[in-house]
Structures are given as C-alpha cells and as structure tokens.
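Written below as structure tokens is the structure these notes are about.
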Amino acid sequence: MSTFKLKVIASNKIFFDGDCKQVIIPVADDGLCGFLANHENCVAPIEFGEMVITKPDDTKIEAFVGSGFLEFFDNEASIVCISAELPEDIDLRRAQEAKERAQEELRQQHSVYEHRQFELDMARAMERLKVKNRHQI
C-alpha cells in the first residue's frame, strides 16, 4: 500500500510528522472519513473526535483530535487542530470534571450562543472520555 506525508499540528505541539498509509478523522457533517495516498486535493473541516493514523508498518496511532481542518495537496496532508491527545495523555478526572461543569451550565438559563457553547463543551468532554475509556487497560 502506498504512503503519504502527514503532519498533525495541534495548538501546543506537533503531534505527528511522518509517512502513513491512512488517516481517519471526523469530518464536519460527514462523520468519519478516511484518506489514503494520492487522495484528490481538498480542504476539509474536522470536528473533535477520534483520529486513527496507520503507519507504514501497519501500527496504528489512535488519538483524540480537536476541531480544525485537513488539507490534502500533492500527496501530503496537513491537519491543523486545537488539540491532539493520545488516550494515555487524557486526564480522566479532568475530562469528567469538564463534562460535569458543562452539564451544570446546561441546566442554567443562558443565551442561545452560550447554550450552544456549553453543548459543544459537553460533546467534547464526552468524546475525550470515550477515547480514554476505549483504550484503558
């Protein structure tokens, strides 16, 4: 299987920079989408959720990815996102607290904008917990 260059840039670090066979990411309004070598050139908005990178030796890197975008151009992909975390780097207590804070805020009366922001906070916390819990040993 052919490979392509992938660079995942989070707001605080370069999460991945190297060759891969495939990347699966949550694309806005389309759900999970896979990208292989020689994909047509495109730009796609991504949402927070689980990302899976398959390296040339068929090992997989599974991680939580925050919202951002993917650019695929000339067999090179770049993902720029708010965050990218391996399951072992997700602090379970912090993620649970974020979920509880968002739940409490949703019980309060807020503007439509604030309510939507708290819904997004809740969904992000739930996705982080899902990734963490799926990979606990």
Side-chain angles (χ1 to χ4, degrees):
M1 182 182 258
S2 298
T3 63
F4 62 96
K5 289 280 189 196
L6 173 66
K7 189 168 193 173
V8 180
I9 305 164
S11 61
N12 61 342
K13 63 186 171 196
I14 295 177
F15 179 78
F16 182 85
D17 188 5
D19 290 332
C20 73
K21 286 184 176 180
Q22 175 179 327
V23 63
I24 299 172
I25 58 170
V27 174
D29 299 328
D30 286 336
L32 291 176
C33 287
F35 294 84
L36 299 170
N38 302 309
H39 192 283
E40 73 177 347
N41 296 340
C42 70
V43 174
I46 61 172
E47 294 181 337
F48 49 83
E50 188 166 14
M51 168 178 64
V52 180
I53 300 168
T54 305
K55 294 169 47 174
D57 63 0
D58 287 327
T59 59
K60 294 184 186 298
I61 299 172
E62 298 177 359
F64 171 81
V65 64
S67 58
F69 69 91
L70 169 136
E71 176 190 58
F72 206 106
F73 186 73
D74 284 346
N75 211 39
E76 292 187 15
S78 296
I79 296 174
V80 178
C81 55
I82 292 172
S83 63
E85 299 173 273
L86 294 169
E88 57 267 23
D89 295 336
I90 296 173
D91 183 331
L92 188 59
R93 183 186 54 78
R94 253 185 71 221
Q96 187 64 39
E97 288 172 357
K99 176 187 168 195
E100 290 167 5
R101 275 193 309 276
Q103 284 174 326
E104 181 57 36
E105 289 293 342
L106 286 170
R107 290 186 198 103
Q108 311 291 324
Q109 287 190 340
H110 294 285
S111 69
V112 172
Y113 173 80
E114 290 172 323
H115 187 78
R116 179 66 181 137
Q117 186 61 48
F118 294 128
E119 286 178 333
L120 289 171
D121 291 346
M122 171 75 123
R124 184 173 31 258
M126 299 282 291
E127 282 294 322
R128 289 180 79 228
L129 287 168
K130 183 172 76 175
V131 170
K132 177 69 174 180
N133 290 331
R134 184 177 303 143
H135 299 283
Q136 279 188 339
I137 296 174

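For reference, positions follow the sequence shown, starting with 1.
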Between Lys130 and Glu127, is the salt bridge (Lys or Arg N to Asp or Glu O under 4.0 Å) condition met? List the steps. CA-CA 5 Å; Lys130 183 172 76 175; Glu127 282 294 322; 3.2 Å; yes
Could you go step by step and tell me if Val43 and Phe73 meet the side chain to side chain contact (heavy atoms under 4.5 Å, CB included) rule? CA-CA 9 Å; Val43 174; Phe73 186 73; over 6 Å; no
Run Gln96 and Lys99 through side chain to side chain contact (heavy atoms under 4.5 Å, CB included) and show every step you take. CA-CA 5 Å; Gln96 187 64 39; Lys99 176 187 168 195; 4.0 Å; yes
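Taking CG of Leu36 as the reference point, atom SG of Cys20 lies at 9.0 Å (rounded to 0.5 Å). Going from atom CD of Gln22 over to atom CD1 of Ile53 covers 11.0 Å, rounded to the nearest 0.5 Å. The CG atom of Leu6 sits 15.0 Å away from the NZ atom of Lys21 when rounded to the nearest 0.5 Å. Taking CD1 of Ile25 as the reference point, atom CG of Leu70 lies at 4.5 Å (rounded to 0.5 Å).
Closest heavy-atom contact between Glu85 and Asp89: OE2-O, 4.0 Å. Shown here for Ser2 and Ala37, the closest heavy-atom pair between the two residues is CB-CB, 3.6 Å. Minimum heavy-atom separation, Val131 to Pro87: CG1-CG, 4.0 Å. When every heavy atom of Phe15 is checked against every heavy atom of Ala63, the shortest pair comes out as CZ-CB, 3.6 Å. Heavy-atom minimum distance, Asp91 versus Arg128: N-NH2, 4.4 Å. Annotation for Ile46 and Phe69: closest pair CG1-N, 3.6 Å, computed over non-hydrogen atoms.
Between Phe72 and Phe35, the ring planes are parallel. Angles under 30° get that label, and only those over 60° would be called perpendicular.
In this structure, Asn75 contributes its side chain and Lys5 its backbone to no donor-acceptor pair below 3.5 Å. Formation of a donor-acceptor pair under 3.5 Å by the Asn12 side chain with backbone atoms of Ala84 is not found in this model.
A side-chain contact (heavy atoms from CB on, under 4.5 Å) with Phe16 is found for exactly one of Ile9, Ile79, Val23, Ile61, namely Ile61.
Note on Val27 and Phe4: same hydrophobic cluster, where clusters join Ile, Leu, Val, Met, Phe, Trp and Tyr whose side-chain heavy atoms are under 4.5 Å apart, directly or indirectly. In the hydrophobic cluster analysis, where Ile, Leu, Val, Met, Phe, Trp and Tyr join through side-chain heavy atoms closer than 4.5 angstrom, Val8 is grouped apart from Ile82.
Inspection of the Thr54 and Lys60 side chains reveals an N or O donor paired with an N or O acceptor under 3.5 Å.
Ionic pairing of Lys55 and Asp19 is not present here: no N-O contact between side-chain nitrogen and carboxylate oxygen is shorter than 4.0 angstrom. With salt bridges taken as basic N to acidic carboxylate O contacts below 4.0 Å, none links Arg101 and Glu104.
Asp57 CG: more than 12 foreign heavy atoms inside a 6.0 Å radius.
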